[in-house]
2 protein chains.
Amino acid sequence: MNTSDDDLLDRAFLALADPARRRIIARLSRGPATVNELAEPFAISKQAVSKHIQVLEQAQLVTRSRDAQRRPVHLDPARLEALTAWIDRYRLVREEQFRNLDAVLSEQAASRGRQTKDPS
Amino acid sequence: MNTSDDDLLDRAFLALADPARRRIIARLSRGPATVNELAEPFAISKQAVSKHIQVLEQAQLVTRSRDAQRRPVHLDPARLEALTAWIDRYRLVREEQFRNLDAVLSEQAASRGRQTKDPS
DNA sequence: CTCTTTATAAACCGATTGGTTGATTACAAG
DNA sequence: CTTGTAATCAACCAATCGGTTTATAAAGAG
């Protein structure tokens, strides 16, 4: 299966772009649960919840084990960590950008008599 | 415009669930850019890029200013921070869960010998 | 074996996505 | 005024998404 880095990010972010799936994540953060347990607080069918879990599974955000005819779902925090890592890269770069901007402004303030460079 | 908390998370995660939009985020982390500049490295049309920017804008991940007929796009790190905050909530809760799991395993070790299922 | 529980598979449907092309707005320069 | 540039709007299209209903598989319990 084609699970490139980009593809995994696609699936993971798309998986989180749905309130039902985010509620499932929240529920699973308190421990494993079966499809029936996950479906109970929702107004949708078990089949729909099963589909949501498949989406989360393909994003590798959750895993499943076997216990007789039950298939408990477990949260896998590793992928969540990968998402924060991606976001932080650009969030933090941006903050550094602000620091650089401060430096540039100080530089410009110090050279207020020289020729102004055009920052196009 | 209905911008509830859940709705904003929907839009933001959906916005990141596309490689083109993630590349736009990456580019904007190095400074503002116009639609034309953003569209250049892509094989898609300017209209498509414009749509991507609208998606990012509705997710409040970027803002726009006016400069004559140009509309430079700026990255807004605040929303990115909100996303990491949401993820970390459940990622970190899960780590605490592991600590609790250790306690449970110790408990089970003390009562080893019973059936794994229903103790008769 | 049959019956029940748990869960998935398959087919279908309306709404949304991501892309296109063509027309239009907004602004500045000649 | 006309021309050119930057960007959006509008209409359209194939593909995907989130949900349903129906049917099916898989694993105990009796």
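The basis for the numbers below is simple: all heavy atoms, side chains too, and nothing from hydrogens, waters or symmetry mates. So you know, we letter chains A, B, ... as the sequences are listed, proteins then strands, and number each from 1.
Put simply, CZ on R66(B) is 14 Å from P on dA6(D), counting in whole angstrom units. Atoms CD1 (I53(A)) and P (dG18(D)) sit 14 Å apart, rounded to a whole Å. Look at CG on D67(A): it is 17 Å from P on dA26(D), rounded to the nearest Å. Nucleotide dA29(D) holds its P atom 8 Å from the CD atom of Q69(A), rounded to whole Å.
Looking only at side-chain heavy atoms (C-beta outward), T84(B) and R91(A) come within less than 4.5 Å of each other.
Between dG18(D), dT20(C), dT8(D), one nucleotide has an atom nearer to the side chain of R64(B) than all others, and that is dT8(D). Taking the side chain of S50(B) as heavy atoms from C-beta on, and the options dA26(D), dG18(D), dA7(D), the nearest nucleotide is dA7(D). Considering only the side chain of T34(B), dA7(D) comes nearest among dA7(D), dA27(D), dA7(C). Closest to the side chain of V35(A), out of dT21(C), dG28(D), dT8(C), is dT8(C).
Side-chain N/O atoms of H52(A) include one lying less than 4.0 angstrom from OP1 or OP2 on dG19(D). The phosphate of dA7(C) (OP1 or OP2) has a side-chain N or O of N36(A) nearer than 4.0 angstrom. Regarding contacts with the backbone of dA7(D), every side-chain N or O of Q54(B) stays at 4.0 angstrom or more from both OP1 and OP2. Contact between the side-chain N/O atoms of R70(B) and the OP1/OP2 oxygens of dA28(C) is not found at any separation under 4.0 Å.
In terms of position along DNA chain D, the nucleotide closest to K51(A) lies nearer the 5' end than the nucleotide closest to the other residue of the pair A68(A) and K51(A).
Shown here is E37(B), whose CD atom has more than 12 heavy atoms of other residues, nucleotides or ligands within 6.0 Å.
Salt bridge annotation for R22(B)-D18(B): absent, with no cationic side-chain nitrogen under 4.0 angstrom from a carboxylate oxygen.
The base of dG18(D) has none of its N or O atoms less than 3.5 Å from a complementary donor or acceptor on the side chain of Q47(A).
Here the closest heavy-atom approach between residue A39(A) and residue K46(A) is recorded as CB-CG, 4.0 Å.
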